[in-house]
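A quick write-up on the structure given underneath.
Chain letters run A, B, ... following the sequence lines, proteins first, then strands; residues in each count from 1.
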Amino acid sequence: MPNYAQVIVDVKAMQTNRPYTYQIPAELKDQIQVGMRVVVPFGKGDRKVQGFVVELSEKVTFADQIEPKQIEALMDLTPVLNEEALALADHLARETFAFKIRCLQVMLPNVMRASYSKGLRLLPTASSELKQFFGAKEELEFSAERFSKAEQALLRKAQKAGQLEVIYHVKDRARVKKTKFLTSLVTRQNYAEFKAKVRKNATKQLDLLAFLAAKSGQELLQAQVQAQLDLTASQLKKASESGWIKQFERETYRDPTQTKDYGQSVPKILTAEQKNAVDQITSAVKQAQATTFLLQGVTGSGKTEVYLQTIARVLEQKKQALMLVPEISLTPQMVARVKARFGKQVALLHSALSDGERYDEWRRIERGEASVVVGARSAIFAPLTDLGVIIIDEEHETSYKQEDMPRYQAKEVALWRAKYHNCPVVLGSATPALETRARAQKGLYTHLQLTKRINGDNLPEVTLVDMRKAKLTAPDPDFSKEMLEALAKCLQRKEQAVLMLNRRGYSAFVMCRECGFVLKCPNCDVSLTLHMDTHSMKCHYCGHEEAIPHVCPQCHSRKIYYYGTGTQKIEEKLNQLLPDAQILRMDVDTTRKKGAHERILQQFGAKQANILLGTQMIAKGLDFPDVTLVGVLNADTALEFPDYRASERTFQLLTQVSGRAGRADKKGHVVIQTYNPEHYAIQLACQQNYERFFFQEMQLRHLNDYPPYYYTIKITVSAESENLAAKESFLIKKQLAQCLSADAIILGPTPSAIMRIKNRFYYQLVIKYKHEQALESYLEELVIQSQRGEKKGLQVVVDRDPVNFLT
DNA sequence: AGCACGCCGACT
DNA sequence: GTCGGCGTGCTC
């Protein structure tokens, strides 16, 4: 019998990474298990917090004379985290320098994270003044915002005087959805008897009785019966009281796609390359080998079919499959494709689900009712217990890295889980991340290649337009002659075009021609962008909004104009330059609403427009047979980024977007406008030459000591005062210099590329290293110690293998 | 978050 | 001398 439990506690302000010991009350001893959530008292005030049981023991394991406190309650009947999840949380905490509690919570759906509230309850000794303050209520919910400082002082005094007590609530938001059913108890025998008791003119009741008699003994959905016979819930309740029916509730899932019919799709015939890939992966599945495969295949080479047939083999082995795709490509078409092949066995985890729906999908997986899981990044934690394969599509996508605590890389989590389950991992991409391709080169990963497009070899023709020269003859600074001609021809042939505007850091802003003043956000270090739809200037980082100025705020000149180009402005120009064009615009503004993204794609697919104009998001995974022209308006903006992956990103983006042209029998054409036509990333993207790019980029990384030759860790320090942020970052550098060997390189501290966001100043340090004995423990300590700085508004973030260097 | 402890200034 | 300010540290 366990007497004590080790509990990882959810403490807000000061998190330590060690568990706390609690006593298990006698009545819970036979129920408590490792992996359950509990409510425990914590701190001097014994406020109640949620915790996770990570260990049970008979004796106290910590040397202290005080008696541990008792567990207040169990929140679960069965463990919500299994052994694997607990081990993975430990690993994550160590690997990402995150607090254990966060690592445990990230494995569970949001609703299982407790919500806390504080209540104040009147005691009999309360003064009449206090009673008045409470009004008629016994208990008030306390929140700091709701009461004034004076009121808070009053309440505090009353609490000290023993006139009221503080009650802490830990609420489990996980709610199982129940649906009402009923069973008809009306039989041929008792029908007449029931009928005799009903008034002759009570038509509704007589109808119901007849209906029930016809369905004798059957289970019916209450909502359906109500709708069909136009009855209210209370009328059915009466029927239940009369003994006509028996009402009951049953647990149901909130899965909106469950009832949808996706039809059925059959496996396609594989090419020799595809078959080889499926065979090799399947063999690893059968032999339970944790091999990692890099499936490198150009756009249109049929990677998805390899995934689907691999999953089918895994299911034949009575094992389960987990497939990650970037959030942006988790479109209805993509979902339909998987559901059509595997039907109800598929569980879907994506951000569009409500918390409740997500919880239900999680429970379906946990109970083993779904053996194929498809989802975005966080689906990597899906509670599958018998994994046969993990597939990561578009593995080079940076969105597989979580950008807040715990800052995990889903690919690395996949490798860990694969090792735990002895199953293969498939990393798929047309343009693999350099690190991935390098591991394949070294033989750590098995390299599988799909070199042929399914529909024959029809790589698009690429035209590179040098905008430095084009500018002189172009009818417009944003559109070269070549681009406009290609568009016009495409429209003439009644085909479709996709136009990409590389937006980041390149949108319409306002500048004064007289004094050079640029309108900037008052809270962040970025210029405000012009939004024609709302006729205002907006900040993309904090949402600040103000009116469009007509005179320069600095020199009062009237010569204040719009510069740069946003998708809106391009759309307007395009309408003038090509009056025949019907344009659909897809960017942050038009896709903000839920489902808007899909709607735009669907409209374009249905030929309601002939030009799709958008930002990077149009480069990902859309597949329209009639698109024969792809235009890139500004290929270089990603090159200017303060990021050692800038070339790689540019190459990937251009290669991907080029692959969108001419996928079917029609010849495709790609027009790329650039100011750096001789840049290797742009040149090699035009040639669709990944291999050359890989070797060239590897040389540069080697030369500059960047991954995959070095590991990187980024430390970001931010505060409301620039001075404080700078001071702290220099202090950290000093400490780092002491614990690092001479082989390590510290870059910075420097102000981040965007130094100020929401009135906070950002400084960053980047450590490049190969082996450092003391680094891990220093950073672990740094993360824990830096919590105390949070009271002063000082924040320190440690990010292993960072993908974002802007902040 | 909330409570104790400890070190300085203003005060009955 | 003592009361109380809040900066600092800890919570099984």
- Could you tell me the separation between the NZ atom of A:K69 and the C1' atom of B:dC3, rounded to a whole number of Å? 11 Å
- Item | Whether A:R756 side chain and A:P522 backbone form a donor-acceptor pair below 3.5 Å | yes
Provide a list of protein-nucleic acid N or O atom pairs under 3.5 angstrom, restricted to nucleotides 7-10 of chain C.
{"from": "C:dG9", "atom 1": "OP2", "to": "A:R788", "atom 2": "NH1", "distance (Å)": "2.8"}

- Strictly below 4.0 Å, heavy-atom distances to any atom of DNA chain C: list the hits from residues 23-32 of chain A, or just say none. none
All N/O donor-acceptor pairs, side-chain side in residues 30-44 of chain A, below 3.5 Å, sequence neighbours left out:
{"from": "A:Q31", "atom 1": "NE2", "to": "A:E27", "atom 2": "O", "distance (Å)": "3.1"}
{"from": "A:R37", "atom 1": "NE", "to": "A:D76", "atom 2": "OD1", "distance (Å)": "3.2"}
{"from": "A:R37", "atom 1": "NE", "to": "A:D76", "atom 2": "OD2", "distance (Å)": "2.9"}
{"from": "A:R37", "atom 1": "NH1", "to": "A:M112", "atom 2": "O", "distance (Å)": "2.6"}
{"from": "A:R37", "atom 1": "NH1", "to": "A:D172", "atom 2": "OD1", "distance (Å)": "3.2"}
{"from": "A:R37", "atom 1": "NH2", "to": "A:D76", "atom 2": "OD1", "distance (Å)": "2.7"}
{"from": "A:R37", "atom 1": "NH2", "to": "A:D172", "atom 2": "OD2", "distance (Å)": "2.7"}

- Message: Among residues at least two apart in sequence or on other chains, which ones pass salt bridge (Lys or Arg N to Asp or Glu O under 4.0 Å) with A:R173?
- Response: A:D355
- Hey, mind stepping through A:E251 and A:R367 against salt bridge (charged side-chain N to carboxylate O under 4.0 Å, His left out) and telling me if it holds? CA-CA 13 Å; A:E251 257 185 52; A:R367 293 177 173 185; 2.9 Å; yes
- salt bridge (Lys or Arg N to Asp or Glu O under 4.0 Å) pairs touching residues 720-736 of chain A, sequence neighbours excluded, are none
- Side chain A:Q735, main chain A:I732, donor-acceptor under 3.5 Å: no
- Which whole-number value in Å describes the distance from A:K48 NZ to C:dC12 P? 12 Å
- Query: Nearest-Å distance, OH (A:Y168) to C1' (B:dA1)?
  - Reply: 7 Å
- Message: So A:Y116, base contact, sugar-phosphate only, or nothing? Heavy-atom distance under 4.0 Å.
- Response: nothing
- Message: Is A:K118 close enough to B:dG2 that one of its side-chain N or O atoms is under 4.0 Å from OP1 or OP2 there?
- Response: yes
- Task: Using atom CD of A:Q6 as one end and atom C1' of C:dC12 as the other, report the distance to the nearest whole Å.
- Result: 9 Å
- Query: In whole angstroms, how far is the P atom of B:dG2 from the CD atom of A:E165?
  - Reply: 15 Å
- Residues forming a side chain to side chain contact (heavy atoms under 4.5 Å, CB included) with A:T807, sequence neighbours excluded: A:I757, A:Y762, A:N804
- Query: Rounded to the Å, how far apart are A:D10 CG and C:dC12 P?
  - Reply: 15 Å
- Query: C:dT11 P sits how many Å from A:I8 CD1, rounded?
  - Reply: 15 Å
- Given atom OH of A:Y22 and atom C1' of C:dC12, what is their separation to the nearest angstrom? 5 Å
- Message: Does A:Q773, at its CD atom, have more than 12 non-hydrogen atoms belonging to other residues, nucleotides or ligands within less than 6.0 Å?
- Response: no
- Task: Anything under 30° is parallel, anything over 60° is perpendicular, the rest tilted; go ahead and classify A:Y769 against A:Y711.
- Result: tilted
